[in-house]
Amino acid sequence: MLDIQLLRSNIDDVAARLAARGYQLDVQAFNALEAERKALQTRMQELQAKRNASSKQIGIAKRNGEDVSAIMAEVASLGDELKNAETGFDAVQKQQDNWLMSIPNLPHESVPSGKDENDNVEVRRVGTPRSFDFEIKDHVDVGAPLGLDFDTGAKLSGARFTVLKGDIARLHRALAQFMLNTHTGEHGYLEHYTPYIVNDSALLGTGQLPKFAEDMFKVTKGGEEGTVDQYLISTSEITLTNTVSGEILKAEELPLKFTAHSPCFRSEAGSYGRDTRGLIRQHQFDKVEMVRIEKPEDSYAALEEMVGHAENILKGLGLPYRVITLCTGDMGFGAAKTYDIEVWLPAQDTYREISSCSNCEAFQSRRMMTRFKDENGKNQLVHTLNGSGLAVGRTLVAVLENYQNADGSVTIPEVLRPYMGGKDKIGG
RNA sequence: GGAGAAAUGGCCGAGUGGUCGAAGGCACACCCCUGCUAAGGGUGCAUACGGGCAAAACCUGUAUCGAGGGUUCGAAUCCCUCUUUCUCCGCCA
């Protein structure tokens, strides 16, 4: 959520910055709504003040045993007018809130401007794609004999669900373990285990709602709609970030660095026909997530550091990758700046996204009301960051493709072998 | 699932219809006093939004005592619904 004060004082500037990310801010509509709000609020508050003053007088008069019928009559006449003013104000306020909640974040000044993914800027490439002296297979064909089973997944749950069996299930688990151990042991993140079902308030906090309900899986308890809507998490960014919603943190507690391994559920609405083959785009996939709660002045250094933490996983696994800065037009709703990490997939002969690290600045904390007390004792909104470290399913894809051998086996990256009972390869 | 109790400021805790945004204590900040320590005295100390202001300081208004509704001229206090916590019973991995 943007600061409404900024909209009030600098709306043209805000509109221009939003235009860079392809969002048309309706300045006129805002100004009209704002004028209406101001008039209604002033009127309402005047009436409330009048009522409060009269009620106070009644109290005093009664205590002194005086006659109060005159004041009673006077204040009674306020009733309807006050009720109307309150109703009107509430309606406008709600309209303004909903609208505000649907405006994306402002891009940071360092973000390259551009229209779509073609305007993203490559920052660096690390590692050299391996050259193969045999006909390579994609991960679907490499994985099939090892226990990668799309048919059974489809039988159980439909398209975009998969069953992993045997060594490949273990490899999948090994990847998550390696990531989690690295982030907790070497990067200083606190491991969390969190719910996979959350209330809508959490999704409002991190920005999945109100705008992106169609991307989520909604769940019901016993088949009945409860008093609050609940959803499967699409990322543990939601739970990790919302652990501090509504809190006023102490400055010395910051930064907070959280990590969790969780499944992610995404309806993938609107992606029919895209990445239908294989594990790339699933309704359910695992991810190890990093979340950081930072002081504003530290958040951009933290973003760089967190990208480095995600990169360390790829370096450890020996997978070639590149880091790109998303342009203004390609960033997600809540991000002020995003780096994507793309891993080399030899069968696709291209780099594919495997991590996304974003600084949301105060966009989420303003929605969640997460603040900290600064040196002057003032409450300031924190900055929130999140990043995949990494998407486990896609990492599995990358390992299968990059480490495949001519005989159909897959070499296990060195760092994973302790998790694989010491094996150096599977299959073949 | 059943029965009961509870939810108040950073924390503890008083407050059952009227100068209550809320006593008191703790914590915290500043000042005074005290030759250390401890104790004592004073002052300050919730949040959001609106208006005044170019802005800060400040002044002022409104709202907020788990959430949402209701009764009333007036609600922390009464009524309803919900949420959460605790105790007991049942069920269950």
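Within every chain, numbering begins at 1; the chains are lettered A, B, ... in the order of the sequence lines, protein sequences first and strands thereafter.
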Would you say the ring centers of [X] and [Y] fall short of 6.0 Å from each other?
X: Tyr189(A); Y: His309(A); result: yes
X: Phe333(A); Y: Phe363(A); result: yes
X: His108(A); Y: Tyr300(A); result: yes
X: Tyr193(A); Y: His261(A); result: no

Select from Glu46(A) and Met72(A) the residue whose nearest nucleotide in RNA chain B is closer to the 5' end of that strand.
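Taking each residue's closest nucleotide, the earlier one in sequence belongs to Glu46(A).
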Both Lys373(A) and Gln41(A) contact RNA chain B. Taking the nearest nucleotide for each, which residue is further toward the 5' end?
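Looking at RNA chain B, the more 5' nearest nucleotide goes with Lys373(A).
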Work out how far the [atom1] atom of [N] is from that of [M], and round it to whole angstrom.
N: U72(B); M: G18(B); atom1: C1'; answer: 12 Å
N: G35(B); M: C30(B); atom1: C1'; answer: 23 Å
N: A6(B); M: C12(B); atom1: C1'; answer: 16 Å
N: C65(B); M: A76(B); atom1: C1'; answer: 5 Å
N: A22(B); M: U37(B); atom1: P; answer: 36 Å
N: C79(B); M: A23(B); atom1: C1'; answer: 28 Å
N: G21(B); M: U62(B); atom1: C1'; answer: 12 Å
N: G74(B); M: C20(B); atom1: C1'; answer: 12 Å

Can you tell me how far [atom2] of [N] sits from [atom1] of [X], to the nearest Å?
X: Leu40(A); N: U62(B); atom1: CG; atom2: P; result: 18 Å
X: Gln45(A); N: G61(B); atom1: CD; atom2: P; result: 11 Å
X: Asn199(A); N: U84(B); atom1: CG; atom2: P; result: 8 Å
X: Leu47(A); N: C73(B); atom1: CG; atom2: C1'; result: 14 Å
X: Glu86(A); N: A63(B); atom1: CD; atom2: C1'; result: 10 Å
X: Lys50(A); N: U60(B); atom1: NZ; atom2: C1'; result: 18 Å
X: Gln96(A); N: A48(B); atom1: CD; atom2: C1'; result: 14 Å

Would you call the rings of His283(A) and Phe217(A) parallel, tilted or perpendicular, where under 30° means parallel and over 60° means perpendicular?
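Rings of His283(A) and Phe217(A): perpendicular, over 60°.
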The side chain of [X] is closest to which nucleotide in this list: [options]?
X: Gln48(A); options: A48(B), A63(B), C73(B); result: A63(B)
X: Ser55(A); options: U71(B), U62(B), G74(B); result: G74(B)
X: Met369(A); options: A48(B), G18(B), C49(B); result: A48(B)

Go through the structure and list residues passing side-chain contact (heavy atoms from CB on, under 4.5 Å) with Thr411(A), not counting sequence neighbours.
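Partners of Thr411(A) under the side-chain contact (heavy atoms from CB on, under 4.5 Å) test: Tyr403(A), Asn405(A), Arg417(A).
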Within less than 4.0 Å of OP1 or OP2 of [N], is there a side-chain N or O belonging to [X]?
X: Lys38(A); N: G51(B); value: yes
X: Asn52(A); N: U62(B); value: yes
X: Arg51(A); N: A63(B); value: yes

Regarding Glu247(A), tell me which of base, sugar-phosphate or nothing describes its non-hydrogen contacts under 4.0 Å with the strands shown.
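Result for Glu247(A) = nothing.
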Within the 4.0 Å heavy-atom criterion, would you say Arg366(A) contacts the bases, only the backbone, or no part of the nucleic acid?
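Nothing, no nucleic acid heavy atom in range.
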Check this for me: Lys211(A), atom NZ, are more than 12 non-hydrogen atoms of other residues, nucleotides or ligands nearer than 6.0 Å?
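Count over threshold, so yes.
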Do the non-hydrogen side-chain atoms of Gln282(A) and Gln284(A) ever get within less than 4.5 Å of each other?
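Side-chain contact under 4.5 Å: no.
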Per-residue pairing states of RNA chain B in dot-bracket (Watson-Crick or G-U under 3.5 Å; . unpaired, | other strand) read ((((((((.[[[..)..(.....]]].(((((.......))))).(((((((.....))))))).[[[[[..)....]]]]])))))))....
Only pairs under 3.5 Å count here: list side-chain donor-acceptor contacts from residues 240-256 of chain A, not counting sequence neighbours, and write none if there are none.
from, atom 1, to, atom 2, distance (Å)
Thr241(A), OG1, Glu237(A), O, 2.6
Asn242(A), ND2, Ala202(A), O, 2.8
Asn242(A), ND2, Ile238(A), O, 2.8
Thr243(A), OG1, Leu240(A), O, 2.6
Ser245(A), OG, Asn242(A), O, 3.1
Glu253(A), OE2, Lys250(A), N, 2.7

Any donor-acceptor N/O pair under 3.5 Å between G18(B) base and Lys56(A) side chain:
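Counting by modelled atom types and ignoring angles, no donor-acceptor contact under 3.5 Å is found here.
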